[in-house]
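Predicted model, so just to flag it, every value in this text is computed and none were measured.
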Amino acid sequence: MRIAVVADGDGGGWLAELGEGAPTTPVAPVRRVGDLVAAVRAAEQAGSEPPRWVWADTEDLYPDLVRAGVRVARCHDAALTEALLLGYEARHSEPHSLGAAWARLHDLPVPDDPARPLGEGTAAQPALFEADRSTLPPGTDRLAALVEVHADQRRRIADLPEPGRMALLAAVESAGALAAVEMSHDGLPWRPDVHDQVLTEILGPRPRAGERPPVLADLAARIGEVVGHEVNPDSPAQVLKAMAWVGHPVESTRSWVLEAVDHPLVPLLLRYKELARLHSANGWAWLETWVRELPGEDGEPRLGRFQPDYVVGGVVSGRWATRGGGALQIPKSVRRAVRADPGWVLVRADAGQLEPRVLAAVSGDDALAAAAAEEDLYARLAVHVGDDRERAKIGMLAAMYGQTSGDAAPLLATMRRLYPRALEHVDAAARTGEGGGIVRSWLGRTSPAPVDWAATAAATDGDRRRRAHGRFTRNFVVQATAAEWALVLLAALRQELPKTPEGGGIVFFVHDEVVLHVPAQLAEETVRAIERAQTRTREILFGDTPVRFPLAVSVTECYADR
DNA sequence: AGGGTTTGCCAC
DNA sequence: AAACGTGGCAAACCCT
């Protein structure tokens, strides 16, 4: 059963039960409810199977439900689905909100998508569903508009050459939106005291605002001594001058460029850059901005939560982006601060070598699939290639990224001979991209067309951009399908996981790994659920492929432990 | 002073 | 060893 829902901005809303057939029309009179939370909770628990909620935008409705303690099993996110369908039609740049979709159906002026500023996610205070971001014209029957757009989207999906794939993509994209709100609400367990301890060990005691930590100040002073005058190591321009001044001019101050230079200044600069990065990106200021402390008992360790806003579909390839806090790039050095609450554990599931496995599955290359049936794909590749594992890996990555320089060329020739269908799959995608065409993932997510090359005057520059776009489409067919694998896994996990208390469940997701926070006594059951989800993911996406997608599952107290 | 761009590094 | 895909972010830099 599907239920379309809109909020009234005052805690209530309207519901319309929809038929499952296409076109989907209401099968019962519209129901007005005064307490939307209660109505959703009741519908979720009634009947043998929970409904699929049809709504304009998960980010508008679901955070309030989650805050109120309600979780739903399934939804159809009209905005995300519209974006997928527009993309399929090579119309990426068109607005995808409910209002925009409805306006197109009625040949009316299409409104821009609403901007979604930082901090609008679940960390914000309760809003009682007040925001109407649907961009529908004032006075429009919003429920009728939603029902109409949903029916249109289902028709457009049904009319595709492979409707099942796009239907699955829309479903897992929507499930991802649910998971994103839930994760953002729960947050990644983060110990402020441990983070502070890590910073103090590495940088010295916390300085006053605007000052360098002691270790950085000392390094800057020693750099100044070696050069003979004061240098701001944070300024690439000053570092370039300083290197020239000491007789070692360099083209840039990138660390691998500096590493090649033999001069006492270099280790000081490299050390400074490394520590300055930690201080500016994940230092005390970051901790205060992004980690919310939970109320706690005196004498107990302070517990915190890192609650980034996830942007589902925020990357063209279907990977998620995040807003604020740099959640997808938590450096290894501060992962010690990610610790389970007392009595709880972190269960981490990490997909190994996902992209080459995806390539094996989508290309149907028997030899690569045979390698991908193994736990360590690269080790098997090395046997095929007759080289060491590291070089086999470089060759594979070169094929998927379009690398041509370095020692990739001979490796690529070997790959092309051993895995002809796999290489042809990415080579064809690259040719399409170079020709200005679009490519699609396994489920139909579509690459955006290149930005107007004709506007580029110089032929050489145009050529460079054409090749760059070829590398993009080459990678897209793999990366976008890997993102789909991860979305299906998330959706399967939501179905398989045991019920956990508040603060438990999936708490972090980054491209090909998930972190769960569960009471220790649920650890075993959680691991079994992950294994079921993993198997289902492969079957749902690729049927009976020989390719395996191993998940390394570990149960730890700390994210830094493996 | 404030906005946009560049540089460089972090993650997968 | 360093040019090979997707991003976010902070500080310096450059312009108005």
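The aromatic rings of A:F472 and A:H469 are tilted relative to each other, their planes meeting at an angle between 30° and 60°. A:H384 and A:Y419 have tilted rings, their planes meeting at an angle from 30° to 60° on a 0 to 90° scale. Under the 30°/60° scheme for interplanar angles, the aromatic rings of A:H195 and A:W190 are found to be tilted.
Scanning atom types as modelled, no donor and acceptor separated by under 3.5 angstrom connect the side chain of A:R254 and the base of B:dC9.
The side chain of A:Q403 has C:dC4 as its nearest neighbour among C:dG5, B:dA11, C:dC4.
A heavy atom closer than 4.0 Å to some atom of DNA chain C occurs in A:R277, A:S280, these being the qualifying members of residues 260-286 of chain A.
Salt-bridge formation is not detected for the pair A:D427/A:R431: no Lys NZ or Arg NE/NH1/NH2 atom is positioned less than 4.0 Å from an Asp or Glu carboxylate oxygen.
Remark on DNA chain C: of its neighbouring residues A:E355 and A:G326, the 5'-side contact belongs to A:E355, judged by nearest-heavy-atom nucleotide.
Residue contacts shown for A:V478 are absent, as no nucleic acid heavy atom lies under 4.0 Å away. Within 4.0 Å of A:G314, counting heavy atoms only, lies no atom of the nucleic acid at all. Contact annotation for A:I330: backbone-only contact, meaning every heavy-atom pair under 4.0 Å involves sugar-phosphate atoms and none involves a base.
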Quick one: which protein N/O atoms are closer than 3.5 Å to N/O atoms of nucleotides 13-16 of chain C? Pair and distance per line, please.
| residue | atom | partner | partner atom | Å |
| --- | --- | --- | --- | --- |
| C:dC13 | OP1 | A:S235 | OG | 2.3 |

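Panel note: side chain A:T58, backbone A:Y62; no donor-acceptor pair is recorded below 3.5 Å.
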| task | I would like to know whether A:V266 and A:M243 meet side chain to side chain contact (heavy atoms under 4.5 Å, CB included); could you show each step before the answer? | result | CA-CA 9 Å; A:V266 168; A:M243 289 301 292; 3.9 Å; yes

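Between A:Y401 and the options A:M396, A:E355, A:Q479, A:R471, a side-chain contact (heavy atoms from CB on, under 4.5 Å) holds for only A:E355.
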